[in-house]
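Notes for the one structure printed next.
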Amino acid sequence: MLGEIRYGFYASEFVPPEIFNAFGALHSWWFINERIVLINAELKKDFNAPVAINNWRAGGDRKYSGFRPKDCTVGADNSQHRLANASDTLIKGYTADEVREHILKNKQRYMALGLSRLEDAKYAPTWCHLDCAWTGLDEI
């Protein structure tokens, strides 16, 4: 379908089924910050490996690793996920620590795409939380 794939991702990889089913492939992009898609596309390119955010459409159990609607009970009430500014990203064959290390080694490039924050292993032990919240800082 026209518009369903952007930067190598389907909208369903960033929105939960209730949004995708209500708005369809094209209009589900309304709920996704383009910056978080670009950051994940850059990771996919850098690692040359599959990147997973949501996988519910392929039969997986991840459905709230991108945008989270207001009524979602997963995560914090004021999470950047609720503003479409975050993803909990997995890269096949790499640990979350390896992904975070790569991002920090290339922080200027990722910051230019809009990345502002990473969660450390205490809060994101097996995934890499990325977000585009405005911090006013010139550091991740």
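For reference, positions follow the sequence shown, starting with 1.
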Review point. Which is it for Val37 and Asn40 under the side-chain contact (heavy atoms from CB on, under 4.5 Å) test, yes or no, and what are the steps along the way?
Key: CA-CA 5 Å; Val37 180; Asn40 279 284; 5.9 Å; no

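The nearest pair of heavy atoms linking Pro16 to Pro69 is CG-CD, 3.8 Å. Contact record, Cys72 with Arg82: O-NH2, 3.0 Å, taken as the closest heavy-atom pair. The shortest non-hydrogen separation linking Gly66 to Asn54 is N-OD1, 3.7 Å. Residues Lys44 and Gly8 come closest through the heavy atom pair NZ-O, 2.8 Å. Across Arg68 and Gly75, no two heavy atoms sit closer than the pair NH1-CA, 3.7 Å.
Between the CD1 atom of Ile19 and the OG atom of Ser12 there is a distance of 13.0 Å, given to the nearest 0.5 Å. Interatomic distance, CD of Glu34 versus OH of Tyr7, reported as 3.5 Å (0.5 Å rounding). Here CG of Leu38 is found 11.5 Å from OH of Tyr110. Values are rounded to the nearest 0.5 Å. The distance from atom CD of Glu4 to atom OG of Ser28, rounded to the nearest 0.5 Å, is 8.5 Å. How far OG of Ser87 is from CD of Gln80: 12.0 Å, rounded to the nearest 0.5 Å. For the atom pair Met111 CE and Ile103 CD1, the distance stands at 12.5 Å (nearest 0.5 Å).
Put simply, the residue from Ile36, Val99, Leu113, Ile53 that forms a side chain to side chain contact (heavy atoms under 4.5 Å, CB included) with Leu130 is Ile36.
Checking side-chain atoms of Arg57 against main-chain N and O of Ala11 turns up no donor-acceptor pair under 3.5 Å. A donor-acceptor pair under 3.5 Å is absent between the side-chain atoms of Asn85 and the main chain of Asp131, judged by distance alone. At least one donor-acceptor pair closer than 3.5 Å links the side chain of Arg62 to the backbone N or O of Asp88. Not a single donor-acceptor pair under 3.5 Å links the side chain of Lys107 to the backbone N or O of Ile140.
Within the 4.5 Å cutoff, the side chain of Thr89 has no heavy atoms near those of the Ile39 side chain. Two residues are said to be in side-chain contact when any heavy atoms from C-beta on lie closer than 4.5 Å; Cys128 and Leu118 meet this criterion. Put simply, the side chain of Asp61 reaches to within 4.5 Å of the side chain of Asn55, judged on heavy atoms.
Note on residues 113-140: pairs passing ring pair (Phe, Tyr, Trp, His ring centres under 6.0 Å), not counting sequence neighbours, are His81-His129. Judged as a ring pair (Phe, Tyr, Trp, His ring centres under 6.0 Å), the pairs with a partner in residues 39-73 (not counting sequence neighbours) are, in order, Phe20-Trp56, Phe31-Phe67, Phe47-Tyr94, Phe47-His102.
Taking the six-membered ring where the residue is Trp, Phe9 and Phe14 present perpendicular rings, their angle passing 60° and hence far from 30°.
Under a hydrophobic-cluster definition in which Ile, Leu, Val, Met, Phe, Trp and Tyr are linked whenever side-chain heavy atoms come within less than 4.5 Å, directly or via other members, Trp30 and Leu83 are assigned to different clusters. Linking Ile, Leu, Val, Met, Phe, Trp and Tyr residues whenever their side-chain heavy atoms come within less than 4.5 Å leaves Leu90 and Val15 in two separate clusters.
With respect to the salt-bridge test (charged N to carboxylate O, under 4.0 angstrom), the residues Arg109 and Asp46 qualify.
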